[in-house]
Each structure stands twice: as C-alpha cells, then as structure tokens.
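Chain naming here is simple, since letters A, B, ... match the order of the sequence lines and numbering starts at 1 in each.
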Amino acid sequence: MLKMNNISRIYQSDTIQTHALRDFSLNVKAGEFVAVTGPSGSGKSTFLNVAGLLDNFDRGQYELDGVSVQGLKDDELSRLRNEKIGFIFQNYNLIPDYSIFDNVDMPLRYRGFSASERKRRVEDALDKVGLASRLKYLPSQLSGGQQQRVAIARALAGEPKILLADEPTGNLDSLMARQVMEILHDLNKGGATIIMVTHDPDQAREVNRNVQVIDGQLADFKIYAPLDRTSENKAKTISDTVSDTLTKEMADA
Amino acid sequence: MRSNNMVAYNFTLAMQSFKRAPTLYFLIMLTLSIGVGVLCANLALVNSMASDPIPEKSANLFHINMNTWPDDQPPDEPMHILRYRDAMAIAASDIPKRSAVFYASGVYARDIESTNMKRFDSDVRATTPGFFELTNAPFAYGSAFATSRGMEVVIGDELNQKIFAGKDSVGKTLELDGELLTIVGVLKPWVLRPLFYHVTEGRAFNLTDDIYAPLETAIDLGWSIHARNSSAVDYAGISETRGLDVYYLQAWIELEDVNQRTSMQSFLDNYTQGLKDAGEHPLTIKNEIHNVKEWLKVNKVVDQKVLAFTLASVLFLSVCIFNASSLLLSRFHAAKFEVGLRRAIGASNRHMLMQGLTESVLLGLFTGVVALVLSWLFLKLSVQFLPRLANVAVLEPKLLVLGMLLALVTSIASALYPLYRANRYTISAELK
C-alpha cells in the first residue's frame with residue numbers, strides 16, 4: 001500500500017540545513033494499523049506530511065497504492081490525495097462556520113460526485129462515527145471528541161485506501177480519546193489501512209505494528225508489545241465504562 | 001455537469017467569504033469603485049468629446065475654409081467664416097452631392113394662436129435647405145423647407161415641446177421677432193455630440209438649434225449674427241451683407257466620393273485664382289477643406305485638460321488596485337488555513353485559483369455597479385462646477401459596459417498577487 005525507500009527531506013533556511021527525514025524507508029501493507037512514535041522533532045510529522053503528499057521530499061522513492069508519486073503534477077497529486085488518502089488531524093481542522101454536513105462534504109466536492117451521491121456518502125460516513133443525526137450542527141456545538149469523529153467521517157467519506165492520523169487524540173480527554181481510538185480500530189478491522197502518529201505508548205501498544213522515528217530515521221520496530229485485543233481481554237484495553245458510554249452516545253445520536 | 005457544480009460551489013464559497021469579512025470586502029469594493037468610477041467619469045467626457053457625431057458619413061462631409069479677405073491683414077488665415085458671395089459660389093458648385101450654408105442667429109418665438117404672450121428665447125440656424133439632408137436631421141413631422149426663401153421654418157423637438165407640448169405643429173404659425181412664419185417640419189429629439197456643424201466659438205457641445213429658417217429669409221428679415229463674424233467694411237444690418245466683404249457664413253459640403261476632395265480643392269483654388277486675377281485676392285491662395293474628424297481635431301474639441309485628468313485617473317486606479325491587493329493579501333493570509341485544508345483534502349492549485357477568481361469576478365460585479373453609480377455622481381458634480389460640460393457629461397450604454405468590464409478587470413488584477421502568494425506554500429506549511 002505504501003512503500004518509501006530512502007526518503008530524505010531537508011529544510012533549508014539561510015544558515016541552517018535541517019534533515020527532517022534521512023534515508024527513511026517504510027513499507028506498509030494493506031490492512032495494517034501502524035503507529036508511528038518518537039520524540040518531538042524526530043520527524044514523525046514530516047513523515048506523515050510526505051506520506052500524505054502534503055510536503056515534498058528531496059530524495060528517494062515513494063509509491064502509494066502502486067503509484068509512484070515522483071514527478072507527478074499538482075493536479076495528479078491532488079487527485080491522489082482526494083481519492084486514496086484520508087486525513088485526520090490533531091486539531092480536527094473543521095471549518096467553524098460550515099455545518100457538519102458541509103465539512104464532511106468538502107472533499108467530495110472536488111471529486112465531482114453528483115449531489116445525491118455526495119449526500120449518500122456524507123450520511124454513511126457520519127453514520128459510521130455515530131453522528132448521523134447532527135448533520136446541521138456547527139462544529140462549535142459539538143464536543144472535542146465529536147468534532148474529531150466528524151473529521152474522521154470527512155476522511156472516510158471519499159472511501160480512501162489509507163487513513164493518515166496525526167495525533168488524533170492529542171487534544172482529547174481520555175474518555176473521548178478512547179471513543180476515537182475505538183472507531184479507528186473498528187475501521188481497521190473493516191480493512192482500512194491506518195498510519196497514526198502518536199505520543200501515547202498505550203495507543204501505540206494497541207495497534208498491530210509500531211515504528212519509532214528518531215532523528216529522521218526509523219529506529220527499532222515493535223518497541224511496545226501489541227496488546228491482545230481478543231474479546232476475552234477486551235477489558236484490558238477498553239474499560240466497561242468507556243465502552244458503555246460510547247455505545248450509549250452512538251445510540252443517542 | 002461537474003464544472004457547473006464547481007462554478008456553483010465556488011459562487012457559494014465566495015458569498016461565504018464575503019460574509020466572513022464584510023467590512024474588509026466593503027473597503028476593497030469601495031477602493032476599486034472610486035478608482036473605476038473616477039476613470040469612467042473621465043472616459044465618459046473623453047468619449048463624448050472624441051466621438052464621431054455622424055459616423056455614417058463623417059468621411060464625406062467637409063467644412064470649407066478660405067482666405068478671401070480683401071486686404072493683406074486678415075483676422076485669420078484662412079477663415080472658417082465666409083462672405084456671402086464665396087459661400088454661394090460653393091453652394092452653386094456641381095461637385096458636391098449637397099451643401100449647406102448657414103449662420104447662427106436668435107429670435108424670440110411664440111405661437112400666434114396662443115393667448116399667452118410668453119416668448120421663448122430660441123437659437124436659430126439660418127440655412128440653405130441642404131442642411132437637413134447633409135446633417136441627417138431626423139424629422140418627426142413634416143419636412144424641410146424647399147428653398148432658401150419663404151416664410152417657413154423647421155423647429156426642434158425642445159421648442160415644439162415648450163410651445164406645442166410635443167404635438168404635430170406642422171402648419172402652425174410662429175411669431176418670430178414680430179414676423180409670422182409657418183412651421184413646415186418638426187424634428188425628433190436630436191443629439192449631435194459634438195455639434196460638428198458648429199464647433200467653433202466653444203459651441204462644440206451646445207444643443208442642436210431650436211429653429212431652422214431659410215437663409216435668404218433670415219437675411220432679409222435682418223436676423224442678427226449670433227456667432228463670430230468679421231467685416232472689412234461698415235454696414236447697417238445683415239440684409240446689406242450680400243454684396244459686402246462681411247464674413248459670417250459657414251459652408252459644409254457632402255461629397256458622393258471622398259476622392260472628389262481633390263476636385264473640390266481645385267474648384268476652390270480656381271475660384272480664388274479668378275478673384276486674384278480680378279485683383280480681389282491680395283493674399284496667397286490658401287483654401288482648406290476638412291472632413292468631420294479633421295475639423296473636430298483642428299478645433300481641439302477634445303479638451304486637453306480632460307485628457308490629462310483621464311491619464312491621472314488611470315494612475316489613481318493603479319493605486320486603488322495596489323491598495324485593494326494589499327487588503328486582499330491580508331484576507332488571503334487569514335484564510336491560509338482553509339486554503340491548506342482544501343488542498344490537503346483534494347483541491348488542486350487550479351481549483352483554488354478558480355475559487356479565488358470566482359470571488360474576484362463576483363466582487364468585480366458588485367464593484368461595477370457601485371462604480372457606475374459613483375461615476376454618475378462624479379459627472380453630476382462636474383457639471384455643478386463646470387456647467388459647460390452639461391451636454392458632455394453623459395454615461396452612454398457603451399460606457400456602462402466599459403465600466404463593468406473595468407471593474408471586473410481591476411478586481412481580478414488586484415487578486416492575482418494574493419492568489420499567487422496563497423498557492424506558493426507547501427500544504428503542510430499552510431496547515432500549521
């Protein structure tokens with residue numbers, strides 16, 4: 001799904017050259033849920049920006065879903081972002097004066113879908129995150145967790161090949177963070193490929209693969225042992241309280 | 001279908017953008033409107049001054065200047081006013097298709113049947129009958145008088161409105177300075193801008209005349225000359241002028257073919273050579289003929305000050321565009337996050353450019369409407385200070401279209417640099 005070979009990204013100012021990524025290589029298979037961890041300034045976000053085609057890279061090869069991205073024009077890169085990638089940002093990045101519907105609808109507008117197709121996709125996506133009844137709400141009328149779920153719906157609406165999440169629970173309290181993580185795990189179980197940058201070791205431990213970035217390079221794999229997320233051990237990862245709350249809210253919505 | 005959807009979506013986004021920063025967009029619109037409005041007002045003046053008043057035949061109509069002054073100290077050389085016998089010689093020539101010889105006068109007019117004794121101060125054109133066809137004067141009722149003699153007149157629409165409330169007044173009798181003349185024709189509203197047949201003495205933007213009277217009749221009735229005239233002799237009244245060296249008539253001819261201009265020039269030169277041979281032409285022969293456009297240029301109908309002010313208006317508009325551009329730059333900077341977000345979720349630079357241009361076009365349309373209103377106000381204000389501009393300060397339909405186009409172009413021009421800036425960063429930088 002995602003193949004990076006010897007990617008380098010260098011930021012150049014007047015006097016300083018910063019190697020944000022150096023000979024960075026990573027191969028993510030379809031259906032994987034990969035957590036990217038590392039200290040601040042290690043290059044996690046740069047990796048995610050390059051992976052999401054939000055930033056250029058200076059050297060190396062990058063292939064996304066079989067498409068080599070080097071040398072692609074702006075229109076082609078935009079189409080790749082629109083069709084193959086779903087972004088989930090730490091601070092949600094919702095447009096405050098747009099309704100929930102309009103926020104989720106945004107990427108579909110650039111895809112050229114008909115109004116009825118867009119409506120169907122927006123409603124399906126919001127249904128998946130339990131917010132189907134809040135179509136006309138403004139982001140400010142929702143809690144942080146709900147706003148992040150809207151952002152997830154926006155990422156899902158285009159039915160992308162891969163979800164890129166940049167600290168998706170970084171601005172949420174633990175209860176809301178659990179709700180969001182539960183949705184991401186559900187999506188992964190449904191076949192979605194997810195790459196998530198996180199500072200949270202517990203979240204990193206929950207996914208089936210963990211990579212660490214230090215000084216712009218990949219460090220050890222599987223620093224954290226993945227948690228057993230079988231039904232018998234579910235209590236280890238999600239408390240009954242959290243689970244009940246989420247179920248209840250989903251039902252209310 | 002997809003492009004239609006995007007156009008509609010971009011219009012929606014533009015309206016949302018205006019709602020988010022109404023004060024800023026109002027300032028941008030006002031800045032551009034003032035610039036476009038001032039330029040448009042000046043262009044309206046230049047347009048009126050520089051336009052061709054009779055485009056269908058302006059190349060075939062010629063004004064005649066001669067230097068038949070009887071001694072060697074003429075007031076001008078050659079002169080645009082002719083003496084009676086020279087003007088009649090031109091009228092008698094078989095080279096022109098038609099000709100008009102006339103002078104400007106003035107009388108007080110009233111309807112003989114009216115019980116009201118009020119008389120209307122009226123401008124008179126004492127002319128040969130060819131004037132009407134030569135100038136394409138539009139008749140509402142009746143027709144031109146057939147000869148230069150006869151107690152008949154044609155009146156203009158404005159006087160007909162004043163005296164006869166715009167009704168068909170053919171056959172009615174007017175009392176003109178105590179003489180009774182019958183109306184044989186009434187003109188439709190007739191605007192000649194500039195008044196090409198009499199642009200001298202600062203009359204280029206006067207209205208067309210109120211009364212058109214046969215030339216010989218006006219001379220016989222002693223209707224005085226209300227325009228420039230020069231005389232080499234003393235005389236008691238205009239009725240004596242036919243045989244004297246009194247210069248007051250203007251002559252226009254219409255040639256079937258512009259190539260006949262040379263023939264007409266030869267005719268004039270031969271005529272004056274005859275005068276010289278008879279010892280009546282002491283000056284070097286110098287006759288000039290000018291077609292309408294040449295004649296307007298010779299008389300500097302387009303005011304150089306207005307041209308200079310128009311140039312200044314263009315510079316002022318440039319300053320307005322820079323100001324609007326800097327305001328838009330701040331707006332686009334504030335919207336950097338949204339630009340980044342839209343690009344992150346799939347909008348290309350082309351999408352963002354189209355979105356920005358749609359906003360500019362919409363802003364340009366609003367600007368155009370306000371600019372035209374301001375332009376109209378500027379023209380009204382100009383007339384208050386300079387009443388002579390009253391007939392020039394007119395916003396013609398083509399000026400309205402030009403104003404809208406100018407507003408669109410300036411609006412787009414002011415958005416180009418901000419749009420370039422908004423799209424030159426990497427998406428990750430815009431999202432920070």
**Q** Which answer fits A/Phe113, side chain, backbone, both or neither, if we ask what part of it has an atom under 4.5 Å from a heavy atom of chain B?
**A** backbone

**Q** Could you tell me which of B/Glu338, B/Arg342, B/Arg350 has the largest number of non-hydrogen atom pairs under 4.5 Å with chain A?
**A**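 Among the listed options, the one with the most contacts to chain A is B/Arg342.
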
**Q** Counting only heavy atoms not in B/Phe26, do more than 12 sit closer than 6.0 Å to its CZ atom?
**A**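 Not more than 12 within 6.0 Å, no.
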
**Q** For A/Asn93, is it the side chain, the backbone, both, or neither that has a heavy atom closer than 4.5 Å to a heavy atom of chain B?
**A** both

**Q** Checking A/Leu80 against chain B: side chain, backbone, both or neither under 4.5 Å from a heavy atom?
**A** neither

**Q** Would you check, one step at a time, whether the test side-chain hydrogen bond (donor to acceptor under 3.5 Å, both in side chains) holds for B/Arg343 with B/Asn349?
**A** CA-CA 7 Å; B/Arg343 290 175 68 198; B/Asn349 275 333; 3.3 Å; yes

**Q** Could you walk me through whether B/Arg193 and B/Glu396 pass the salt bridge (Lys or Arg N to Asp or Glu O under 4.0 Å) test, one step at a time?
**A** CA-CA 12 Å; B/Arg193 201 180 293 121; B/Glu396 290 181 0; 3.3 Å; yes

**Q** For chain A, which residues from residues 300-320 of chain B have at least one heavy atom closer than 4.5 Å to it?
**A**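 Within residues 300-320 of chain B, no residue comes under 4.5 Å from chain A.
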
**Q** Report which part of A/Leu94 has an atom under 4.5 Å of a heavy atom belonging to chain B: side chain, backbone, both, or neither.
**A**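 Contact with chain B: backbone only.
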
**Q** Could you go step by step and tell me if B/Phe11 and B/Tyr9 meet the ring pair (Phe, Tyr, Trp, His ring centres under 6.0 Å) rule?
**A** CA-CA 5 Å; B/Phe11 269 102; B/Tyr9 185 52; over 10 Å; no

**Q** CG of A/Asp215: more than 12 outside heavy atoms within 6.0 angstrom?
**A**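 No, CG of A/Asp215 has 12 or fewer neighbouring heavy atoms, counting only those of other groups under 6.0 Å.
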
**Q** If you draw a 6.0 Å radius around CZ in A/Arg120, do more than 12 non-hydrogen atoms from other residues or ligands fall strictly inside?
**A** yes

**Q** Taking the six-membered ring of A/Tyr137, is the NZ or CZ of A/Arg134 close enough (under 6.0 Å from the centre) and on axis enough (within 45°)?
**A**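 Geometry flag: set, cation within 6.0 Å and 45°.
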
**Q** Count the heavy atoms belonging to other residues, nucleotides or ligands that lie under 6.0 Å from NZ of A/Lys3, then report whether that count exceeds 12.
**A** no

**Q** Would you say that A/Glu76 contacts A/Val69 through its side chain, given a criterion of any heavy-atom pair below 4.5 Å between the two side chains?
**A** no

**Q** I need the residue from A/Asn91, A/Asp75, A/Ile85, A/Asn49 with the largest number of non-hydrogen atom pairs under 4.5 Å to chain B.
**A**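 The residue among A/Asn91, A/Asp75, A/Ile85, A/Asn49 with the greatest pair count is A/Asp75.
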
